[in-house]
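For reference, the structure discussed in these notes is given below.
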Amino acid sequence: MSYCVHCGVELADSEKRCPLCHTRVVDPASPEAGQGRPPYPRYEVITPERVSKRSVLLVMALIFLVPICLVVVCDLSLHARVTWAGFVMGALLCVYVFLAGPILSVGRWYHAATLCVAADAAVVLGYLRYIERTTGGHWFADFAAPVVLLAALSVGVAILLRQHAGATRLMVAAVAVAEAGVFCLVLELMLNRAFGLRDKLVWSLYPLVTAEILAILLAVIDRTPALKEKLGRKFFL
C-alpha cells in the first residue's frame with residue numbers, strides 16, 4: 001500500500017492516479033501499480049433517455065379516462081342519463097389541465113406561465129358555469145367569474161413581476177402575500193353582494209391586515225441586503 005506524494009491519501013494497488021487530487025501514482029517499489037483489481041466500479045457516464053411530453057400527456061389522459069368511464073356507466077345505469085357524472089368529469093378535466101400546463105412548459109416555464117394561468121382560469125370558469133346551469137343557480141356572473149378572474153390576475157401579476165420586471169423571489173412573495181390579503185377583502189365583498197349575507201365587513205379585515213404587514217416585512221428584508229443575507233444563512237435559504 002502506497003500514499004500519494006502530493007496530498008498523502010492512502011492508495012490502493014490498482015490506482016494509477018490519486019482519487020483525491022488526481023496526481024499520477026509514483027511507486028518505484030511496486031512495478032505492478034495500476035494493474036490490480038480496482039476497489040470501486042468504473043465510472044460510466046449514463047445519458048438518461050428523455051420521455052416525450054406527448055407520451056406523458058397520453059398516459060395521463062388514459063389514467064383519467066378510467067374514473068370518467070366508471071362514473072358515466074354508473075350514472076347511466078342508475079338514471080339512464082348523465083346527471084352527477086358531469087360534475088366528476090368537469091373536476092377531472094380541471095385537474096388534467098392543471099397538470100398538463102406545467103408538463104408542456106417544462107424548460108420554458110416563465111415564457112408559458114401566463115398562458116397556463118389563463119388556461120386554468122378558463123377551464124375553471126367553464127366548470128363553474130356548467131354547475132350553475134345544471135343546478136339552476138344565478139351566482140356565476142355576480143360571484144364566481146369575478147373571483148376566478150381576480151385570482152388569475154393576482155397570479156399573473158406575480159409571474160410578470162418575476163419574468164419581466166426582474167423582481168427577486170422575496171419581493172414576488174411580498175406581492176403575493178399582499179394580493180392574498182386584498183383577495184380576502186374582495187371575496188367577502190362579492191359574497192355580501194351576490195348572496196346578501198351582510199352589509200359590513202366581518203372576517204376579511206383580519207387576513208387583510210396580517211397579509212399587508214407580512215408583505216411590508218418581506219419587502220423591507222428584500223431591500224436590506226445585510227439583513228437578507230444574515231437571515232438566509234440563519235434559515236439556510
Side-chain angles (χ1 to χ4, degrees), residues 52-164 172 175-197 203-204 207:
S52 65
K53 300 176 183 178
R54 182 177 300 179
S55 300
V56 175
L57 294 178
L58 179 59
V59 171
M60 287 176 51
L62 294 175
I63 293 175
F64 276 73
L65 189 61
V66 173
I68 289 176
C69 292
L70 290 177
V71 297
V72 170
V73 171
C74 183
D75 198 10
L76 290 176
S77 63
L78 293 175
H79 304 96
R81 62 189 182 90
V82 175
T83 56
W84 54 269
F87 302 126
V88 179
M89 290 188 293
L92 291 175
L93 176 61
C94 291
V95 175
Y96 183 82
V97 173
F98 293 162
L99 297 177
I103 293 175
L104 289 173
S105 58
V106 169
R108 48 189 178 90
W109 167 246
Y110 286 122
H111 299 285
T114 306
L115 294 178
C116 291
V117 173
D120 295 345
V123 71
V124 170
L125 288 174
Y127 182 47
L128 294 176
R129 177 61 175 167
Y130 170 78
I131 295 176
E132 183 195 46
R133 295 189 61 181
T134 304
T135 58
H138 301 283
W139 42 265
F140 179 80
D142 294 333
F143 176 70
V147 169
V148 173
L149 292 176
L150 178 62
L153 178 63
S154 301
V155 176
V157 168
I159 294 173
L160 292 176
L161 283 176
R162 179 64 176 171
Q163 179 180 355
H164 297 290
V172 172
V175 173
V177 171
E179 289 178 337
V182 176
F183 180 79
C184 292
L185 176 65
V186 176
L187 180 61
E188 186 177 15
L189 290 174
M190 297 302 299
L191 284 170
N192 294 341
R193 176 188 174 188
F195 303 104
L197 299 180
W203 57 268
S204 62

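Quick caveat, the model's predicted, so the values are computed rather than measured.
- Under the rule for a ring-ring contact (aromatic ring centres under 6.0 Å, His included), the partners of Phe195 that lie at least two apart in sequence or sit in another chain are Phe143.
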Using a 3.5 Å cut-off and no angle test, enumerate the donor-acceptor pairs between side-chain atoms of residues 58-70 and protein atoms at least two apart in sequence or in another chain.
none

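- Between Ser204 and Cys184, the shortest heavy-atom distance links the atoms CB-O, 3.4 Å.
- Annotation: side chain of Tyr130 is not in contact with side chain of Thr135 (no heavy-atom distance under 4.5 Å).
- Annotation: the span from Leu104 atom CG to Lys53 atom NZ amounts to 6.5 Å, rounded to 0.5 Å.
- Between the side chain of Thr134 and the main chain of Ile131, no donor-acceptor pair closer than 3.5 Å is present.
- In this structure the side chain of Trp84 reaches within 4.5 angstrom of the side chain of Cys74, judged on heavy atoms.
- Heavy atoms only, all atoms of each residue included: Ala144 and Leu128 are closest at CB-CD1, 3.8 Å.
- Contact check for Asn192 versus Glu188: side-chain heavy atoms found under the 4.5 Å cut-off.
- The closest side-chain heavy-atom distance from Pro207 to Phe183 is not below 4.5 Å.
- The two atoms that bring Glu179 and Ser154 nearest to each other are OE1-O, 2.8 Å, heavy atoms only.
- Taking every heavy atom of both residues into account, Met89 and Val72 meet most closely at SD-CG2, 3.6 Å.
- Contact check for Val123 versus Phe98: side-chain heavy atoms found under the 4.5 Å cut-off.
- Between the side chain of Asp142 and the backbone N or O of Ala194, no donor-acceptor pair lies under 3.5 Å.
- Under the 4.5 Å side-chain criterion, counting only non-hydrogen atoms from C-beta, Arg81 is in contact with Thr83.
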Determine, stepwise, if the pair Leu150 / Leu187 fulfils side chain to side chain contact (heavy atoms under 4.5 Å, CB included).
CA-CA 9 Å; Leu150 178 62; Leu187 180 61; over 6 Å; no

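- Annotation: side chain of Leu149 is in contact with side chain of Leu125 (closest heavy-atom distance under 4.5 Å).
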Step by step, work out the side chain to side chain contact (heavy atoms under 4.5 Å, CB included) result for Val71 and Phe87.
CA-CA 10 Å; Val71 297; Phe87 302 126; over 6 Å; no

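- When every heavy atom of Cys116 is checked against every heavy atom of Pro102, the shortest pair comes out as SG-N, 4.3 Å.
- Here the side chain of Tyr127 pairs no donor or acceptor atom with the backbone of Ala122 at under 3.5 angstrom.
- Here Ser77 contributes atom OG and Asp75 contributes atom CG; the two are 7.5 Å apart, rounded to the nearest 0.5 Å.
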